[in-house]
Amino acid sequence: MVKALNGVSLELEKGESLGLLGESGSGKSTLAYAIMGILPSNARIIAGEILFNNNNLLRLSERELNTIRGKKIALIPQNSMSALSPVHRIGDQLVDILKNNVGLSKKEALEKIKEKLKIARLSSNILRMHFHELSGGMRQRVMIAMSLMMDPEIVIADEPTTGLDVIVQYQILRELKSLQKNLNLSLIVISHDVSVIAYTCKKVAVLYGGSVFEYGPSVKIFRDSKNPYTSLLLKSHPDIHSPVEKIVEIPGSPPNMLNPPKGCVFHPRCPFSKTLCKTKQPPLIKVGIDHYTRCHFVKEIFGA
Amino acid sequence: MDKDPILQTIDLKKYFPLSKGLLLRVKTYNRAVDGVNLNIFRGEIFGLVGESGCGKTTLGKVIVGLEQPTSGKVMFEGKEISGSKSKLDYNLRRKIQMIFQNPYNSFDPRLRILDSLAEALKAQNVEDKNEMLEKISRMLENVGLTPPEQIFLRYPHELSGGQLQRASIARTLLLNPSFIIADEPTSMLDASLRAGILNLLRRLRDENRLTIMLITHDLSAARYLANRIAVMYLGKIVEIGSAEEVIHNPLHPYTKALLASLLPLDPLSEEPEVKITGEPRPAVNPIGCRFFDRCPYFMKDKCDVNTPELFQVKEDHSVACFLYK
């Protein structure tokens, strides 16, 4: 059994942007899938609740969930290439989705689609095209338009720019950021890329080995991290805007979640690790206003 | 680093025919590499930067000999290594090796690491088992896989991406190359493992005097490692110079846009200002600057009619743009 997530408590307010930062295997996508209710069939949520407007999503029936999933909570998937069929025109597919899932007529559906394409800055000419004819950036814009189709309250963007070139990545993220502001969306951005999260999110949860390692306002996390993993991760990233210094290597590899290390999951890679770290998992402790970290020795390492 | 070119490309071109119509007649070409002249100096890390589709990987493949050039030459140690197979000097060509992007694809999944690495020695007619084992252990230690005994008997899928990329660098080094092409060596790796590979490449340059051509889309990695950087756009080198010059004093509008699009790590920094829009189209049109349709400084009847060539602005800094001529 893989324990993909372990005691994760996060809060997202209306109109707020939350970044889930983590490497592969950290549990960030599992968390998103759990919120969407689209975990693979062998996954079990053993404990906890997912509250959406004070409703526990885990208690809802499939039918009740369908009034929320994709409508109130929408997902921008990671691999946009496989999100739409390559053999049907984009317009036909989008109309079908709205006809079958919401019961709109073709005319109403088209109207709605055109409105959302406009928000994502796409011309409605693409409706006659096939998905593979679009560039990576345009495909991602279609995904954004689709996620907005039912005027959701929460949008979850799972690695929204992986595989895109730098300039296009910037365009897409700027779009996402301004939509979040203008539509007062609650946005969750999942990424392994520190700079993507720093640019798009006001609040960050750093995940490692299925646990939240640090949680707080992004200004705090990126400027004044109180966690060994986060601060090493930031130092291992060559920053083009500051002078060349030798970047820090984090020794070892991310944990194998089939057989995670005892105690703190980061201890085998942590330069500060002591005996206590090998035996006891540290709790999430408060280190500032809305700022939490998981480390036994936060005072010793980062001062008071 | 001295200015002694180990590798040169001379007006190197690689066109891929695009066939159209019922009879699949070749009407146009995708000019993936379109007249590239490079001098790579002994002992440097040379960063070749560009977005997907700019031809940087194709250029790497032509240099290493995985693709035949359409025209032009690749010179290595003063001798031509491109061209028809009968004339090739295999001993010379063996000195050029490539590290690939995805280590899981460049290892045979059914071979243990030891056997995969032994292939590199067998290719050099090393037969003695003990000698092989010793050489492989030493090399694994050299790339930071210690203790080697723990790595030997594992299969590729049992290693993490970072460990396997290190093993693939070890395999490359066992062939005793003097020139290595590293094609996006860190883009498949997790953030916490990336730094280790970058520092390893840096050490190989500084301690083993290897010459490395780093192909990447990541400007910050290129700046961290490279002595010189060339920026490629749709088959052409648009700017080349010392890494600090290109990063701190970019001249080409495309380089400027690339740098401006890099997101800052500080959430309080100002919104970047990026002037260009759109995405690159494959290089089909041979006339004019490749970048003119996206360029904010586009000059009509100049940029769309003439093709700007690289010219030197300063010592160690050249640009292909009419703005500076």
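In the text below, chain A, chain B and the rest are named by the order of the sequence lines, each starting its count at 1.
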Taking everything shown except [X] itself, do over 12 heavy atoms lie less than 6.0 Å from its [atom1]?
X	atom1	value
B:Lys256	NZ	yes
A:Arg121	CZ	no
A:Lys220	NZ	no
A:Leu258	CG	yes
B:Glu149	CD	yes
B:Glu271	CD	yes
A:Glu11	CD	no

Under 4.5 Å from any heavy atom of chain B - which part of [X]:
X	value
A:Glu23	both
A:Ile197	neither
A:Lys177	side chain
A:Leu233	side chain

Is there a side-chain contact between [X] and [Y] (heavy atoms, below 4.5 Å)?
X	Y	value
A:Arg269	B:Ser192	yes
B:Asp190	A:Pro254	yes
B:Leu198	A:Pro238	yes
A:His237	B:Tyr224	no

Exercise. With the threshold set at 4.0 Å, does a side-chain nitrogen-carboxylate oxygen contact exist between A:Glu249 and B:Arg194?
Worked result: no
For this session: Go through the steps for B:Tyr254 and A:Ile167 under the test side-chain contact (heavy atoms from CB on, under 4.5 Å), then give the verdict.
Result: CA-CA 10 Å; B:Tyr254 176 65; A:Ile167 297 176; 3.9 Å; yes
Problem set entry | Trace of the side-chain contact (heavy atoms from CB on, under 4.5 Å) decision for A:Tyr170 with B:Leu263 | CA-CA 7 Å; A:Tyr170 168 69; B:Leu263 301 170; 3.8 Å; yes
Problem set entry | Between CG on residue A:Asn256 and CD on residue B:Glu158, distance to nearest 0.5 Å | 10.5 Å
Exercise. Atom CZ in A:Phe222, atom CG in B:Leu265: separation rounded to 0.5 Å?
Worked result: 7.5 Å
Exercise. Within the distance-only criterion (no hydrogens, no angle test), does the side chain of A:Arg223 pair as donor or acceptor with the backbone N or O of B:Pro267 below 3.5 angstrom?
Worked result: no
Problem set entry | Side-chain donor/acceptor of A:Asp165 to backbone N/O of B:Glu51, under 3.5 Å | no
Exercise. Does the pair B:Leu219 and A:Ile240 meet the rule for a side-chain contact (heavy atoms from CB on, under 4.5 Å), with working shown?
Worked result: CA-CA 8 Å; B:Leu219 269 166; A:Ile240 203 143; 3.9 Å; yes
For this session: Carefully, step by step, assess B:Gln163 and A:Ser253 under the rule side-chain contact (heavy atoms from CB on, under 4.5 Å).
Result: CA-CA 8 Å; B:Gln163 287 174 317; A:Ser253 309; 4.1 Å; yes
Heavy-atom pairs under 4.5 Å with chain A - which of [options] has more of them than the others?
options	value
B:Gly162, B:Pro264, B:Ala221	B:Pro264
B:Leu259, B:Leu258, B:Asp218	B:Leu258
B:Ser187, B:Ala191, B:Ser160	B:Ala191

Problem set entry | Closest heavy-atom pair and its distance - A:Lys246, B:Arg202 | CA-NH1, 4.1 Å
